[in-house]
Amino acid sequence: MKKVLLSFMLGMSFLFFGAVNAEAKMYILKPKPTTPFPYRPKAPAFHPVLADIDAETGELTVLFNTAISSAEITIAQNGVVYESDNISAVYGQTFVYDMSSYDEGDYSLLIAVDGGIIAEFTISIEDE
């Protein structure tokens with residue numbers, strides 16, 4: 001009886017949350033082919049930069065798999081730059097960006113080192 005009641009309560013809370021959160025957004029990260037710099041990675045885990053986005057909250061995480069003395073992280077849409085950071089990173093360092101306030105649309109995430117793009121992604125923000 002307790003399991004049935006708990007399942008019912010969880011189901012009802014999910015329905016209630018869905019009704020309240022009617023203007024929720026969905027965040028999708030799509031990798032683009034990048035210029036080999038200095039080499040084309042054989043597997044994503046060995047790429048110098050990885051990116052991930054939480055599909056519900058819009059929290060974008062950029063992880064560096066190598067030490068980089070000078071890199072530029074840019075988030076832009078149609079030529080308008082929303083974020084631009086010149087950073088140096090150590091192995092395993094992450095940078096987090098909150099995209100929850102961004103409007104619906106497609107954004108570009110570019111990571112460049114010495115003027116060369118080492119990673120490029122498209123971030124799509126859609127209303128659910």
Side-chain angles (χ1 to χ4, degrees):
M1 179 68 173
K2 289 183 181 179
K3 285 184 182 179
V4 172
L5 183 58
L6 178 61
S7 297
F8 177 75
M9 289 173 54
L10 287 174
M12 292 306 291
S13 65
F14 177 73
L15 290 175
F16 178 72
F17 176 74
V20 170
N21 199 9
E23 294 188 29
K25 297 178 186 176
M26 182 186 322
Y27 303 86
I28 304 163
L29 182 71
K30 303 172 194 171
K32 287 185 165 185
T34 60
T35 305
F37 183 88
Y39 58 90
R40 185 131 189 109
K42 305 242 185 294
F46 299 113
H47 196 276
V49 178
L50 298 177
D52 190 29
I53 194 162
D54 187 312
E56 294 178 3
T57 65
E59 186 175 272
L60 173 68
T61 303
V62 178
L63 167 71
F64 286 86
N65 281 332
T66 186
I68 295 179
S69 60
S70 177
E72 183 176 4
I73 300 173
T74 305
I75 300 172
Q77 180 187 42
N78 299 327
V80 177
V81 175
Y82 287 84
E83 302 271 350
S84 182
D85 289 332
N86 289 314
I87 55 99
S88 60
V90 296
Y91 174 80
Q93 188 169 0
T94 60
F95 295 86
V96 179
Y97 297 91
D98 181 10
M99 297 188 70
S100 63
S101 63
Y102 287 39
D103 292 330
E104 183 178 354
D106 290 334
Y107 296 83
S108 296
L109 169 64
L110 299 172
I111 296 116
V113 174
D114 297 327
I117 297 173
I118 61 170
E120 183 176 6
F121 300 88
T122 297
I123 302 165
S124 295
I125 301 175
E126 304 170 353
D127 286 332
E128 286 188 290

Inset, instruction - May I ask whether Tyr82 and Ile87 are part of the same hydrophobic cluster, defined by side-chain heavy atoms of I, L, V, M, F, W, Y residues being less than 4.5 angstrom apart, directly or through others? - result: yes
Legend entry - Atom pair CD1 (Ile117) and CG (Leu110), whose distance is rounded to the nearest 0.5 Å: 5.0 Å
Legend entry - Taking every non-hydrogen atom, the tightest pair across Tyr107 and Ile125: CE1-CD1, 3.6 Å
Inset, instruction - Give a yes-or-no answer on whether the side chains of Glu120 and Ser108 include a donor-acceptor pair shorter than 3.5 Å. - result: no
Inset, instruction - Is it possible for you to say whether Val96 and Leu63 belong to one hydrophobic cluster, with membership spreading through side-chain heavy-atom contacts below 4.5 Å? - result: no
Legend entry - Nearest atoms (heavy-atom pairs only) where Gln93 meets Ser88: OE1-O, 3.8 Å
Legend entry - Asp98 and Glu59, any side-chain heavy atoms less than 4.5 Å apart: no
Inset, instruction - Please examine the side chains of Ile123 and Tyr102, heavy atoms only from C-beta on, and report whether any two atoms are closer than 4.5 Å. - result: no
Inset, instruction - Decide yes or no for Asp103 and Gln77: does some side-chain heavy atom of the first lie under 4.5 Å from some side-chain heavy atom of the second? - result: no
Inset, instruction - Report yes if the side chains of Ile118 and Ile68 come closer than 4.5 Å at any heavy-atom pair, otherwise no. - result: yes
Inset, instruction - Give the minimum heavy-atom separation between Glu104 and Glu126, together with the two atoms involved. - result: CG-CA, 4.0 Å
Inset, instruction - Taking all non-hydrogen atoms of both residues into account, name the closest pair between Pro48 and Thr66 and its distance. - result: CB-CG2, 3.5 Å
Legend entry - Distance in Å, Asn86 CG paired with Thr74 OG1, rounded so as to fall on 0.5 Å steps: 8.0 Å
Inset, instruction - Write down the atom of Val113, the atom of Ser70, and the distance for their closest heavy-atom approach. - result: CG1-O, 3.7 Å
Legend entry - Side chain proximity check, Asp85 to Phe95, heavy atoms < 4.5 angstrom: no
Inset, instruction - Verify the cluster assignment for Val90 and Val62: are they in a single hydrophobic cluster under the rule of side-chain heavy atoms below 4.5 Å apart? - result: no
Legend entry - Nearest-0.5 Å distance, OG of residue Ser69 to CG of residue Asp114: 6.5 Å
Inset, instruction - Ignoring hydrogens and angles, tell me if any N or O in the side chain of Asp54 forms a donor-acceptor pair with the backbone of Glu56 under 3.5 Å. - result: yes
Inset, instruction - For residues Leu109 and Ile53, determine if any side-chain heavy atom of one lies less than 4.5 Å from a side-chain heavy atom of the other. - result: no
